[in-house]
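For the single chain, residues carry numbers from 1 onward in sequence order.
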Amino acid sequence: MPTRESDRTDLKKAVREYQYDGKTRGHNITDGEVEQIVALYDRYEMDRGVPCDDLKGENLPDTLRETIHKAYAKTQKGKSLHQLREGLFKGVDLCPVCGIDPATELDHHLPQSEFKPLAIHSRNLVPMCHPCNHTKRDGVDEGGEGFLHPYYDVLPDLDFLVATINVDAATLVVSFSIDPMAALPAGFADRLITQMEALNLDARYQQEVNTYIASHAAALHLAHRAEGQVGVQRTLRLQARYETSAFHRNHWRPTLMRALSELDEFTGGGFAAVLPIPDDMLDDLDG
């Protein structure tokens with residue numbers, strides 16, 4: 001969860017009048033207006049990021065709302081709010097939504113075009129990869145049934161992402177979906193399903209599967225030579241545990257590995273057709 005220690009400092013630093021093309025633009029924020037904006041931040045936190053008209057700040061001066069909105073540009077490198085951006089990306093490598101690509105952009109959970117007073121609110125800014133951020137668009141509605149909030153909508157420690165696998169000749173066919181029967185908080189399953197569809201996550205995960213599985217080919221062949229099917233199952237389960245520790249249990253990688261470990265058609269020898277290794281290389285592995 002991002003800190004809010006710099007709420008007031010950021011507002012005073014970024015919301016100012018300036019001269020452009022011979023005209024005075026922007027807005028010199030007063031201490032009272034700072035407290036009004038911080039009160040909106042408090043409301044946002046109390047409601048856990050659920051949208052409401054109050055968060056649009058329509059009672060605030062237009063110049064104040066527009067200046068805060070434009071202040072988001074100051075989070076870029078070399079600008080006065082760059083430390084806000086740096087703090088949000090600290091410790092975040094992969095996109096928290098898809099778990100595929102690096103997080104390189106900031107998404108406004110509630111869109112800045114509509115919720116202008118929240119444009120530089122740290123807890124409305126979520127690191128994401130470009131594909132997720134570009135595809136997400138607004139992702140909210142007035143009922144609060146849009147995308148889950150990465151900071152507030154905490155998911156329980158149980159499996160809800162499912163990998164369905166078929167071995168077709170030498171091809172691994174995988175699809176990913178949300179288990180609608182998982183014991184998730186009310187409404188979360190439907191929202192996750194909508195999120196997966198909106199971001200095309202099933203297709204994006206499928207594009208990653210073959211390259212990822214190929215990186216484990218040698219380990220699976222070695223395990224099969226040493227212990228047969230049991231060795232392959234053990235290797236896949238161990239990798240699933242490692243990936244769960246490195247990411248989380250519903251990241252697509254451990255989900256895939258767990259499903260493969262339970263698929264007899266794959267662990268019993270089918271993996272060798274999907275991930276063939278020449279005999280001379282296998283001999284080298286034995287050596």
Determine whether D10 and K74 satisfy the following criterion, salt bridge (charged side-chain N to carboxylate O under 4.0 Å, His left out), listing intermediate values before the conclusion. CA-CA 10 Å; D10 289 343; K74 297 181 180 180; over 6 Å; no
The reported gap from CH2 in W252 to CD in Q206 (rounded to nearest 0.5 angstrom) is 11.5 Å
What do you reckon, is NZ of K13 surrounded by more than 12 foreign heavy atoms closer than 6.0 Å?
-> yes
The reported gap from CD in Q112 to CG in D107 (rounded to nearest 0.5 angstrom) is 9.5 Å
**Asked** Taking the side chain as C-beta and beyond, is there a heavy-atom pair between Y152 and D47 under 4.5 Å?
**Response** no
Residues Y72, H108; criterion ring pair (Phe, Tyr, Trp, His ring centres under 6.0 Å); working and verdict:
CA-CA 10 Å; Y72 175 68; H108 288 82; 4.5 Å; yes
* To do: Step by step, work out the side chain to side chain contact (heavy atoms under 4.5 Å, CB included) result for L222 and T235.
  => CA-CA 10 Å; L222 277 174; T235 298; over 6 Å; no
Heavy-atom closest pair (A14 atom, L81 atom, distance to 0.1 Å) is CB-CD1, 3.6 Å
Taken to the nearest 0.5 Å, the spacing of I37 CD1 from I68 CD1 works out to 3.5 Å
### Message
If hydrophobic clusters are built from ILVMFWY residues whose side chains come within less than 4.5 Å, do V38 and L55 share one?
### Response
yes
Report task. For the residue pair L220 and F266, establish whether any side-chain heavy-atom pair is separated by less than 4.5 Å. Result -> yes
Looking at D31 and R8, is any side-chain nitrogen of the basic one under 4.0 Å from a carboxylate oxygen of the acidic one? no
Which of E17, R16, E33 passes side-chain hydrogen bond (donor to acceptor under 3.5 Å, both in side chains) with H27? Answer is E33
- [ ] Identify whether M1 and L84 are in the same connected component of the hydrophobic contact network (ILVMFWY, side-chain heavy atoms under 4.5 Å).
- [x] yes
- Do L94 and M196 share a hydrophobic cluster (ILVMFWY, side-chain heavy atoms under 4.5 Å, transitive)? no
message = Is it the case that the side chain of H216 and the backbone of L236 share a donor-acceptor pair, with hydrogens and angles ignored and the cut-off at 3.5 Å?
response = no
Heavy-atom nearest pair, C98 first then R204, reads SG-NH2, 3.3 Å
Show every donor-acceptor pair shorter than 3.5 Å between a side-chain atom in residues 115-131 and any protein atom, with sequence neighbours excluded, or say none if there are none.
from: K116; atom 1: NZ; to: E66; atom 2: OE2; distance (Å): 2.4
from: S122; atom 1: OG; to: T3; atom 2: O; distance (Å): 3.1
from: R123; atom 1: NE; to: P2; atom 2: O; distance (Å): 2.7
from: R123; atom 1: NH1; to: E45; atom 2: OE1; distance (Å): 3.0
from: R123; atom 1: NH1; to: E45; atom 2: OE2; distance (Å): 2.6
from: R123; atom 1: NH2; to: P2; atom 2: O; distance (Å): 2.9
from: N124; atom 1: OD1; to: Y44; atom 2: OH; distance (Å): 2.9
from: N124; atom 1: OD1; to: L110; atom 2: N; distance (Å): 2.8
from: N124; atom 1: ND2; to: L110; atom 2: O; distance (Å): 3.0
from: H130; atom 1: ND1; to: E105; atom 2: OE2; distance (Å): 2.6

Establish whether V92 and F247 are linked, either directly or via other cluster members, by ILVMFWY side-chain heavy-atom contacts under 4.5 Å. no
To the nearest 0.5 Å, atom OG1 of T244 lies from atom CZ of R253 at 12.0 Å
Can you confirm whether Y242 is buried at OH, in the sense that more than 12 heavy atoms of other residues, nucleotides or ligands lie under 6.0 Å from that atom?
no
Closest non-hydrogen atoms of A198 and T135, given as atom of the first, atom of the second and distance, are O-CG2, 3.0 Å
Open item on the list: Membership question, hydrophobic clusters at under 4.5 Å side-chain separation (ILVMFWY): are I193 and Y205 in the same one?
Closed with: yes
Next on the checklist: Would you say CZ of R241 has more than 12 non-hydrogen atoms from neighbouring residues, nucleotides or ligands within 6.0 angstrom?
Outcome noted: no
Rounded to the nearest 0.5 Å, the CG atom of L60 sits from the CD atom of Q36 at a distance of 5.5 Å
Closest heavy-atom pair, Q233 versus S261, reported as atoms and distance to 0.1 Å, is CG-O, 3.6 Å
Q.
With a 3.5 Å distance limit and no angle check, can you tell me whether Q195 reaches the backbone of L148 through a side-chain donor-acceptor pair?
A. yes
The single option from L199, N200, I100, D101 that satisfies side chain to side chain contact (heavy atoms under 4.5 Å, CB included) with C132 is L199
CG of L260 to CD of E262, rounded to nearest 0.5 Å, is 9.5 Å
In short, H109 meets P150 closest at the heavy-atom pair ND1-CD, 4.4 Å
Intermediate values then yes/no, ring pair (Phe, Tyr, Trp, His ring centres under 6.0 Å), H248 and H251: CA-CA 5 Å; H248 53 83; H251 188 278; 5.8 Å; yes
Ignoring hydrogens and angles, write down the donor-acceptor pairs under 3.5 Å from the side chains of residues 160-179, residues two or more places apart or on other chains.
from: D179; atom 1: OD1; to: M181; atom 2: N; distance (Å): 2.9

### Task
Run the numbers on L155 and L184 for side chain to side chain contact (heavy atoms under 4.5 Å, CB included), then give the verdict.
CA-CA 7 Å; L155 293 164; L184 292 165; 4.3 Å; yes
Minimal heavy-atom distance between R43 and C52, with the atoms involved, is NH2-SG, 3.7 Å
